[in-house]
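Written out below as structure tokens is the structure these notes cover.
Residue indices begin at 1 and follow the sequence shown. Keep in mind that what you see is a predicted model, and the values were worked out from it rather than measured. Basis for what follows: all heavy atoms, side chains included, without hydrogens, waters or symmetry-related copies.
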Amino acid sequence: MDADILIGPSNKILEVDLSSQEVKILTVTEKDRKMYLGGKGLGLKLIFDRLKEGTDPLSPENIIAFMPGVMMATGAPCSGRFAAVTKSPLTGIMVCASCGGLFGFQLKTAGWDGILVKGKALEPTYIEITKDGVSFKDAKNVWGIDAISSQSKIVDKKSGAAVVIGPAGENIVPFANIVSGERFLGRGGMGAVMGSKNLKAIVAKGGVYKILPKKMDSFDRAKKLAVKYINSNPMTGESYRNYGTPSNVNPSDKEWILPVNNFATGTHNKAFEISGIAMKEKHNTKHHACRSCSILCGKKGTFDGKSLPVPEFETIGLLGSNIGIFDTNQIAEWNKICADMGMDTISAGGVIAWVMEATEKGLISTNLKFGSPEGVSEALYDIGNAKDFGKEMGRGTRWLAKKYGGSEFAMEVKGLELAAYDPRGAFGQGLAYAVANRGGCHLSAYMVAVEVYFNLIDRFAVEAKPEFTKFFESLNCCINSLQICQFTAFPYTLEVPMSKLTPKPLLGFLMQNIPAIAVNLIDFALYRDFWSSVTGIWMSTNEFLRAGDRIHVLERYMNTREGISRKDDTLPDRLLKEGRACDPDKLTVPLDKMLDAYYKVRGYDSNGIPTQKLLKDLEIIN
Ligand code: SF4
């Protein structure tokens with residue numbers, strides 16, 4: 001059957017109430033499209049318009065949005081991703097995540113630009129989406145089945161794809177994730193939100209529409225440049241393509257930012273064993289990427305005779321070095337347990353590291369010890385099954401530290417466990433963690449890239465960090481609203497003539513010393529070109545970045561309505577007061593020196609609250 005042609009976005013969003021089984025179709029206005037772009041931005045805006053402040057994340061009133069961006073199914077590089085947005089049961093504030101599973105493609109090619117789900121089904125349910133709408137199906141026969149294998153029981157992969165939860169989501173573990181294929185909406189407990197709604201899965205059966213950009217010529221031009229930039233950038237065309245994200249291990253270890261033993265130190269003599277290079281050799285890794293990807297960071301390999309996904313860098317850091325484990329077979333097995341149970345490897349690793357240290361310090365009594373694999377598999381199953389002490393571990397490090405003490409080594413921000421970068425070796429990353437909207441998130445600004453991996457600005461300086469944190473937060477909001485992979489930011493900003501032809505020392509000098517001007521010189525027009533070519537709506541790069549500002553500030557505003565302010569924009573004491581064991585200078589993150597300047601460049605008041613003027617200027621409120 002030939003597919004029908006859909007030119008540009010359909011601008012049709014499904015709104016599903018599981019309690020009443022009512023389904024509405026919303027139309028995205030051109031104004032909302034221009035102001036919030038799509039993906040994350042539009043998802044946030046739709047939830048902002050509907051969700052009352054103070055809503056319990058696990059109540060039927062909470063809403064979860066699944067939002068492919070405008071690039072989905074166009075064939076643009078790295079565009080096979082979709083966003084999800086909801087209020088997090090782990091942190092009590094907004095959480096957005098991005099996933100490369102096939103659900104987004106199926107939803108989009110069924111003619112839908114997104115789906116909002118609220119309410120609570122009476123019994124375990126899954127919903128099925130086709131071009132004609134939504135049907136509600138009994139999920140009792142897949143309830144209790146792991147997240148990976150339950151997918152094939154509800155949808156034949158030739159006809160559709162799903163987002164599902166595993167036992168962790170069903171048991172409402174606050175850091176349960178959502179799974180599509182072998183890709184994840186990892187952070188902040190979105191799986192628990194689905195579980196609280198008795199929603200095992202959403203299946204989309206697409207392939208009905210072929211999506212074409214509105215301006216084919218400019219799309220083709222942008223695509224050609226994008227592929228060229230991706231191939232010529234050392235991070236995307238070499239490191240990630242050949243070795244996946246574990247290629248971050250060696251530079252992180254060299255610069256002492258690899259978390260080891262609950263961030264006690266930043267380097268380890270066995271680090272090479274968990275690196276991308278070592279894994280490629282040991283496990284014969286092959287590409288296992290998201291749809292429509294030109295970077296190909298995802299890998300599969302052979303671990304103890306089994307074909308398994310290669311753990312991502314964050315998993316290797318948190319369920320590896322951070323608990324003193326450098327055995328890649330072991331880490332791959334734990335990665336698989338988390339995938340089956342449907343839970344976030346970063347939070348799981350952060351919690352286990354805290355438990356190991358709390359045990360060592362005598363605050364609690366468990367069999368978990370740094371450097372020993374004993375008891376870790378059982379702990380992961382117990383977390384997912386909410387069993388015994390696993391039920392408490394599943395509530396996260398912040399909750400555990402409140403009950404048992406040890407908050408100084410609870411490595412979380414706003415309740416979300418930190419990713420695998422120690423900011424005592426990259427101060428801008430410290431600021432970025434402290435102010436990230438979803439909590440201890442590395443992806444909000446990903447400052448570590450310019451500070452360490454590309455070595456463009458002085459990682460121990462406080463100057464320039466507020467300006468670049470703001471810039472990358474907003475740019476990443478644009479990227480996550482197009483729903484293109486964030487890794488494209490390396491080639492799309494660094495391979496353009498402006499950056500490429502400027503000698504690196506001069507580029508670094510400008511970025512470090514005149515950041516307010518340097519951020520305005522960064523050429524990110526390729527993202528705008530892609531968005532405009534697909535939607536047919538012209539926008540200047542300033543307007544485009546302003547949409548990113550708007551999306552970031554809207555999310556912050558929604559969080560401040562839940563009580564977030566300066567007191568929450570902080571880091572664990574370990575990072576503020578305690579040097580790394582490996583560091584003779586015992587450097588700590590000078591957060592206070594950066595925070596006021598960051599609020600100022602963002603337009604927040606001194607308590608970190610967006611001012612009325614800012615909200616009006618960005619047209620978030622009237
Ligand atoms: S680079 Fe990696 S995460 Fe990004 S789209 Fe490709 S496979 Fe997915």
Side-chain angles (χ1 to χ4, degrees), residues 89-90 95 97 99-101 144-151 163-192 194-195 244-246 259 274 279 288 298-301 303-304 306-323 325 327-356 368 373 375-387 389-391 393-397 412 416-420 440 442:
L90 184 65
V95 60
C99 175
I145 297 182
D146 74 76
I148 300 296
S149 50
S150 59
Q151 294 175 65
V163 279
V164 297
I165 56 169
E170 296 168 12
N171 293 317
I172 319 204
V173 174
F175 55 81
N177 66 15
I178 296 175
V179 184
S180 180
E182 290 183 297
R183 297 264 155 193
F184 308 93
L185 292 156
R187 309 233 62 199
M190 294 182 163
M194 276 179 68
T245 53
I274 54 171
M279 283 211 275
H288 182 55
K299 308 279 173 229
K300 232 173 179 165
F303 294 85
D304 276 341
K306 285 175 266 179
S307 171
L308 292 174
V310 172
E312 297 288 348
F313 170 67
E314 307 304 330
T315 306
I316 285 175
L318 272 301
L319 274 173
S321 58
N322 201 39
I323 58 172
I325 296 292
D327 174 347
T328 45
N329 285 308
Q330 187 63 81
I331 299 167
E333 185 189 321
W334 293 333
N335 189 40
K336 171 72 174 141
I337 293 173
C338 288
D340 286 342
M341 299 309 285
M343 59 195 195
D344 179 20
T345 55
I346 299 180
S347 282
V351 163
I352 286 174
W354 181 91
V355 169
M356 287 175 168
L368 296 172
V376 175
S377 298
E378 292 75 11
L380 292 173
Y381 281 121
D382 284 353
I383 293 171
N385 289 319
K387 186 178 154 214
F389 185 53
K391 187 166 185 182
M393 286 198 276
R395 301 181 83 164
T397 45
E412 51 83 16
L416 188 73
E417 284 72 21
L418 291 180
H442 57 302

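Residues Glu333 and Lys336 form no side-chain contact, since every pair of their non-hydrogen atoms from C-beta on lies 4.5 Å or further apart. Looking only at side-chain heavy atoms (C-beta outward), Asn385 and Met341 come within less than 4.5 Å of each other. Side-chain atoms of Cys338 and Leu380, non-hydrogen and from C-beta on, do get closer than 4.5 Å to each other. Looking at Val351 and Phe175, their side chains come closer than 4.5 Å, going by heavy atoms from C-beta outward. Using a 4.5 Å heavy-atom threshold, the side chains of Pro246 and Val310 count as touching.
Between Leu416 atom CG and Leu418 atom CG the span is 8.0 Å, to the nearest 0.5 Å. Ile331 CD1 to Thr315 OG1: the interatomic distance, rounded to the nearest 0.5 Å, is 9.0 Å.
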- request: Check step by step if side chain to side chain contact (heavy atoms under 4.5 Å, CB included) holds for Val179 and Val163.
  value: CA-CA 5 Å; Val179 184; Val163 279; over 6 Å; no

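The side-chain hydrogen bond (donor to acceptor under 3.5 Å, both in side chains) contacts involving residues 167-180 comprise Glu170-Lys200, where partners must be two or more places apart or lie in separate chains.
With sequence neighbours excluded, the residues forming a salt bridge (Lys or Arg N to Asp or Glu O under 4.0 Å) with Lys387 are Asp382, listed by chain and number.
A donor-acceptor pair under 3.5 Å is formed between the side chain of Ser321 and the backbone N or O of Pro259. Under the 3.5 Å distance criterion, the side-chain polar atoms of Glu417 are left unmatched by any main-chain donor or acceptor of Ile346.
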